[in-house]
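Accompanying notes for the structure given below.
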Amino acid sequence: MKQDDSQPAGSPQQDENHIIAERRAKLAEWRQTGGAYPNDFARENTAGKINELYDVRTRDELDAACVEVKLAGRIMLKRVMGKAAFVTLQDLSGRIQAHVSRDRIGEENYSAFKRWDMGDIVGVVGTLFRTRTGELTIECAQIRLLAKSLRPLPEKFHGLTDQEQKYRMRYVDLITNEESRFTFAVRSRIVQSIRNYMVRHGFLEVETPMMHPIPGGATARPFQTHHHALDMQLFLRIAPELYLKRLVVGGFEKVFEINRNFRNEGLSPRHNPEFTMMEFYEAYSEYRQLMDFTEGMLRHSAREALGGEVFEFQGRPLDFSKPFARLTIVDAIRRSHPGFSSAQLADAGWLRDKLAALHVATSPQMGLGALQLALFEETTEADLWDPTYIVDYPAEVSPLARRSDTNPEVAERFELFIAGREIANGFSELNDPEDQAARFAEQARAKDAGDEEAMYYDADYIRALEYGLPPTGGCGVGIDRLVMLLADAANIRDVILFPQMRPE
RNA sequence: GGGUUGGUAGCUCAGUCGGUAGAGCAGUGGACUUUUAAUCCAUUGGUCGUGGGUUCGAGUCCCACCCGACCCA
């Protein structure tokens, strides 16, 4: 790092090198002309559209048609051969080659053009032709510099490969890596497909608060902030659940929200402190119907985003077309570990010993269901490759879910696992205000006892339930993780444009 | 937190047994009017992550630390 004299006073120190210095000098020359950074170039075509429309035409057809185009893009490759040159231009839609010759654009323009760099943004006007080797190309009648790139692009063949650099400088990653552009295009299509699916099924899209006076709807550590005018503590939301159910109380019987949640927890290949969830609630539904609905939504999403319901993830096939399996926690454990007997899995003492042997911490308060769940998470979860619903979660770890009519220890709840990852979590909602109040009280006791992730007692939510929540089913889908599956990304940072990073 | 692995030119990477710091791309100068990661000639550019240590001599060996990646908890 060194201070550069050309930096305006007071600007932050920038890293400079001889390449940037060279380009700054070229920018200074450009400013001398009085026409630097113009904004009067109105493009009329894009590379993708031109390729789509004209790549089917023969050389003779193109010559006869004399197709005029006006296109802008970034110079990605530049091959100068004396008095003529080829440049590869890139815009959002793709790439197209342009031919620039001195005799066509004039001596002065051509010598200026020769000084331009890869990364510069140019506008061209010209006609389409086909080169000797058959490539569809624009013969430039005009070429103008529209914006200067002061910083060199990464190596033209390999692009930016350093993971950290890709995340920190996503703009550079997007310029040079088509896979990255593809990933985020897929992400957009997935979100759009889910939104369409929900709206088509009669759901109302809503936006509920991101700043909560009481964080709720999940067990997680929240971020805290402070509102000055109100002089009150606020939390970034960890889940929208309690607000969405308040809306169902209000009569919005089918609602959904696609938005960010924030959890003040560690970073990992599957965890970013802010992440996107889709949550939906449907009155007069329950968890089995939700599973059918969610399954349909995921199938729809895969079709819309990828064009099919069967695809590859990390080198292994994933198939959304077959019905998703439904297993209880114990059934799932036994299927993947036939050595464990039903008697053992129903024995809290055996489970405690087994978990201790596996170095999984248990607490004395954990009941049979919680112990089974812990063993499931430790031994089985990661093996669930094909889409699998795990059903009937212990009520003790499901403080917002309705208890099963046949077994009050169990909640009418499911989680969906795909490729060993939790993708969705849903349940028949607990709509009994007195039961809910009792469960909040229990959570509050756990919090007082030091459990940082335990829930707060939310009196307003109880008040809402006291007005009457119809029987309702609700489900949350982790959008980032779904995108990881459909875009074949191993790391959540690959599907978040600007993932959380340590300060530079 | 533990293990594995990496940090060398703007980018992608070599660097052998410890002996003057390398290539390709990019840049600069030159040749070249149908190239395809254009080619050819010449050439600029380095606090080898940081700090110690061993040594006549360290990119290389040792120690500590910083920053990543992957795996595990």
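Computed from a predicted structure; not experimentally measured. Within every chain, numbering begins at 1; the chains are lettered A, B, ... in the order of the sequence lines, protein sequences first and strands thereafter.
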Nearest listed nucleotide, side chain of A:N17, among B:rG10, B:rC32, B:rU12 = B:rG10

query = P atom, B:rU60 versus B:rG51: distance in rounded Å?
reply = 13 Å

key: Whole-angstrom distance between B:rA23 and B:rC41, as gauged at atom P   = 14 Å

request  = Select base, sugar-phosphate, or nothing to describe what A:K26 touches, counting heavy atoms under 4.0 Å on all strands.
outcome  = sugar-phosphate

key: Selection: residues 71-79 of chain A, any non-hydrogen atom under 4.0 Å of RNA chain B   = A:L77, A:R79

query = Between B:rU8 and B:rG68, how far is it from one C1' atom to the other, in whole Å?
reply = 16 Å

message = I'd like to check the side-chain contact (heavy atoms from CB on, under 4.5 Å) partners of A:Q163; sequence neighbours left out, ordered by chain and number.
response = A:K166, A:Y167, A:D494

request  = Sugar-phosphate means primed atoms, P, OP1 and OP2; the rest is base. With that split, encode nucleotides 39-48 of chain B 5' to 3' as B, S or - using protein heavy atoms under 4.0 Å.
outcome  = -----BS---

ask   = Does any residue of residues 349-367 of chain A have a heavy atom under 4.0 Å from RNA chain B, and if so, which ones, in number order?
value = A:H359

request  = Using the C1' atom on both, measure B:rG15 against B:rC56 and round to a whole Å.
outcome  = 23 Å

query = Among pairs that include at least one residue of residues 308-318 of chain A, which meet side chain to side chain donor-acceptor pair (under 3.5 Å), considering only residues two or more places apart or in two chains?
reply = A:R303-A:E309, A:Q314-A:D488

request  = With sequence neighbours left out, write down each residue that passes ring-ring contact (aromatic ring centres under 6.0 Å, His included) with A:H359, or none if nothing qualifies.
outcome  = none

Under 3.5 Å, which protein N or O atoms sit close to an N or O of nucleotides 65-71 of chain B? Give each pair with its distance.
{"unit_1": "B:rG68", "atom_1": "OP1", "unit_2": "A:R502", "atom_2": "NE", "d": "3.1"}
{"unit_1": "B:rG68", "atom_1": "OP2", "unit_2": "A:R502", "atom_2": "NE", "d": "3.0"}
{"unit_1": "B:rA69", "atom_1": "OP1", "unit_2": "A:R493", "atom_2": "NH1", "d": "2.9"}
{"unit_1": "B:rC70", "atom_1": "OP1", "unit_2": "A:N491", "atom_2": "ND2", "d": "3.1"}

note = By side-chain contact (heavy atoms from CB on, under 4.5 Å), A:A454 pairs with (sequence neighbours left out) A:Q443, A:A446, A:K447, A:D451

key: All side-chain contact (heavy atoms from CB on, under 4.5 Å) counterparts of A:T46, not counting sequence neighbours   = A:R43, A:K49, A:D91, A:S93

ask   = Quick one, which residues of residues 171-182 of chain A touch RNA chain B with a heavy atom under 4.0 Å?
value = none

Range-with-range stems for RNA chain B, at least three Watson-Crick or G-U pairs under 3.5 Å = B:1-7 with B:66-72, B:10-13 with B:22-25, B:27-31 with B:39-43, B:49-53 with B:61-65

message = Assess, by modelled atom type and distance only, whether the side chains of A:N425 and A:R413 contain a donor and an acceptor separated by less than 3.5 Å.
response = yes

key: Residue list, ring-ring contact (aromatic ring centres under 6.0 Å, His included) with A:F427, at least two apart or on another chain   = none

